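Below is one structure; the comments refer to it alone.
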Amino acid sequence: MQRITRSPEETFALGEELGRLAKPGGIYCLNGDLGVGKTVFTQGFAAGLGIRDPVNSPTFTILQVYEEGRLPLYHFDVYRLGDPEELEEIGYEEYFFGSGVCLIEWAGRVADYLPAETISVTIRKVPERGFSYREIDVEEET
């Protein structure tokens, strides 16, 4: 499925829609350049799960856990991992194979650790269409 958003609010709304549809064990791999809207999408996704806490990118902590929604949300940002094996140090299996939902920014950096079934969310800017214009592809990977 491809969606077009023309504002951060629309990107948030798409994330919110997918958050309402999320199921336990879902792993969403967020792809896109810096500043493309991955965090805005994640904030919407969290809202769709019923999470009211502020949601920010866990760039320096690698993982943020939000438990007050209808499902726990495990928000990873693996951009700054020095080595993908660092995932083992934080006990990634508990999150990847648990009862919550994982959103993983820069998931390609840890591809060897991902299960076969994930949902890929790729966000792209198209500058010639406007500053806030985004093309967002959502695809199930198997």
Side-chain angles (χ1 to χ4, degrees), residues 1-84 86-127 129-142:
M1 146 179 99
Q2 184 179 72
R3 294 290 264 299
I4 304 299
T5 64
R6 292 177 174 80
S7 68
E9 293 80 15
E10 288 182 11
T11 300
F12 181 98
L14 175 58
E16 188 173 23
E17 177 185 330
L18 293 177
R20 284 193 301 270
L21 298 172
K23 295 182 178 138
I27 297 181
Y28 292 77
C29 300
L30 303 182
N31 308 296
D33 294 334
L34 289 170
V36 79
K38 293 183 299 291
T39 300
V40 170
F41 175 90
T42 300
Q43 291 167 338
F45 194 97
L49 290 172
I51 295 168
R52 297 172 202 253
D53 283 344
V55 173
N56 296 303
S57 184
T59 300
F60 295 102
T61 59
I62 309 299
L63 170 65
Q64 289 285 351
V65 176
Y66 303 93
E67 294 184 331
E68 85 255 6
R70 69 175 179 84
L71 296 171
L73 173 61
Y74 310 122
H75 182 199
F76 290 83
D77 184 334
V78 297
Y79 182 77
R80 296 201 188 282
L81 280 183
D83 186 322
E86 290 178 38
L87 277 181
E88 293 176 18
E89 295 174 16
I90 60 173
Y92 79 96
E93 290 176 322
E94 173 185 344
Y95 304 105
F96 283 21
F97 304 105
S99 60
V101 178
C102 292
L103 287 175
I104 307 168
E105 296 188 38
W106 304 99
R109 294 177 180 254
V110 295
D112 291 343
Y113 289 86
L114 297 172
E117 294 186 14
T118 62
I119 298 166
S120 174
V121 178
T122 302
I123 305 174
R124 285 181 304 284
K125 290 181 183 181
V126 183
R129 297 265 177 135
F131 180 76
S132 296
Y133 184 95
R134 302 291 187 268
E135 292 178 349
I136 304 175
D137 293 317
V138 180
E139 300 175 12
E140 288 189 37
E141 305 280 326
T142 54

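Since this is a predicted model, take the numbers as computed values, not measurements.
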To the nearest 0.5 Å, how far apart are CG in Leu103 and CG in Leu73?
5.0 Å

I'd like to know if the side chain of Lys38 reaches the main chain of Ile123, judged simply by a donor and an acceptor atom lying under 3.5 Å from each other, with no hydrogens or angles considered.
no

Rounded at 0.5 Å granularity, tell me how far OG1 in Thr122 sits from CD in Glu135.
11.0 Å

Exactly one of Val121, Leu63, Leu114, Leu87 should register a side-chain contact (heavy atoms from CB on, under 4.5 Å) with Ile104. Which one does?
Leu114

Given 3.5 Å as the limit, does a donor-acceptor pair link the side chain of Arg70 with the main chain of Arg20, or not?
yes

At what distance, to the nearest 0.5 angstrom, does CZ of Phe41 lie from CD of Glu16?
11.0 Å

Would you please indicate if the ring centroids of Phe76 and Phe96 are separated by under 6.0 Å?
yes

Flag if over 12 foreign heavy atoms under 6.0 Å of CD, Glu117:
no

For Asp77 and Glu105, which heavy atoms make the closest approach, and how far apart are they?
OD2-OE1, 3.7 Å

Here the gap from Leu18 atom CG to Ile119 atom CD1, rounded to the nearest 0.5 Å, amounts to 8.0 Å

Please report the closest heavy-atom contact between Gln43 and Asn56, naming both atoms and the distance.
NE2-OD1, 4.3 Å

Does Glu86 offer a backbone N or O that forms a donor-acceptor pair with the side chain of Glu89 under 3.5 Å?
no

Intermediate values then yes/no, side-chain contact (heavy atoms from CB on, under 4.5 Å), Asp137 and Arg124
CA-CA 9 Å; Asp137 293 317; Arg124 285 181 304 284; 2.6 Å; yes

Main chain of Val55, side chain of Gln64: is a donor-acceptor contact present, judged purely on distance under 3.5 Å?
no

Atom of Leu49, atom of Gly19 and distance for their closest heavy-atom approach:
CD2-O, 3.4 Å

Atom pair CZ (Arg80) and CZ (Arg109), whose distance is rounded to the nearest 0.5 Å:
9.5 Å

Within the supplied structure, the quantity of interest is the number of heavy atoms (other residues, nucleotides, ligands) at a distance under 6.0 Å from Asp83 CG; does it exceed 12?
yes

What closest approach, in Å, do Ser120 and Glu141 show between heavy atoms, and which atom pair accounts for it?
CB-OE2, 3.6 Å

Name the orientation class of the two ring planes belonging to Tyr92 and Tyr113 (parallel below 30°, tilted from 30 to 60°, perpendicular beyond 60°).
perpendicular

Minimum-distance pair of heavy atoms, taken over all atoms of Phe45 and Ala22:
CZ-CB, 3.6 Å

Is Glu140 atom CD crowded by more than 12 heavy atoms from other residues, nucleotides or ligands, each under 6.0 Å away?
no

Taking all heavy atoms of Tyr66 and all of Ile51, pick out the closest pair and write down the distance.
CB-CD1, 3.6 Å

Could you tell me whether a side-chain N or O of Arg134 sits under 3.5 Å from a main-chain N or O of Val36, the two making a donor and an acceptor?
yes

Roughly how far, to the nearest 0.5 Å, is CD of Glu94 from OG of Ser99?
9.5 Å

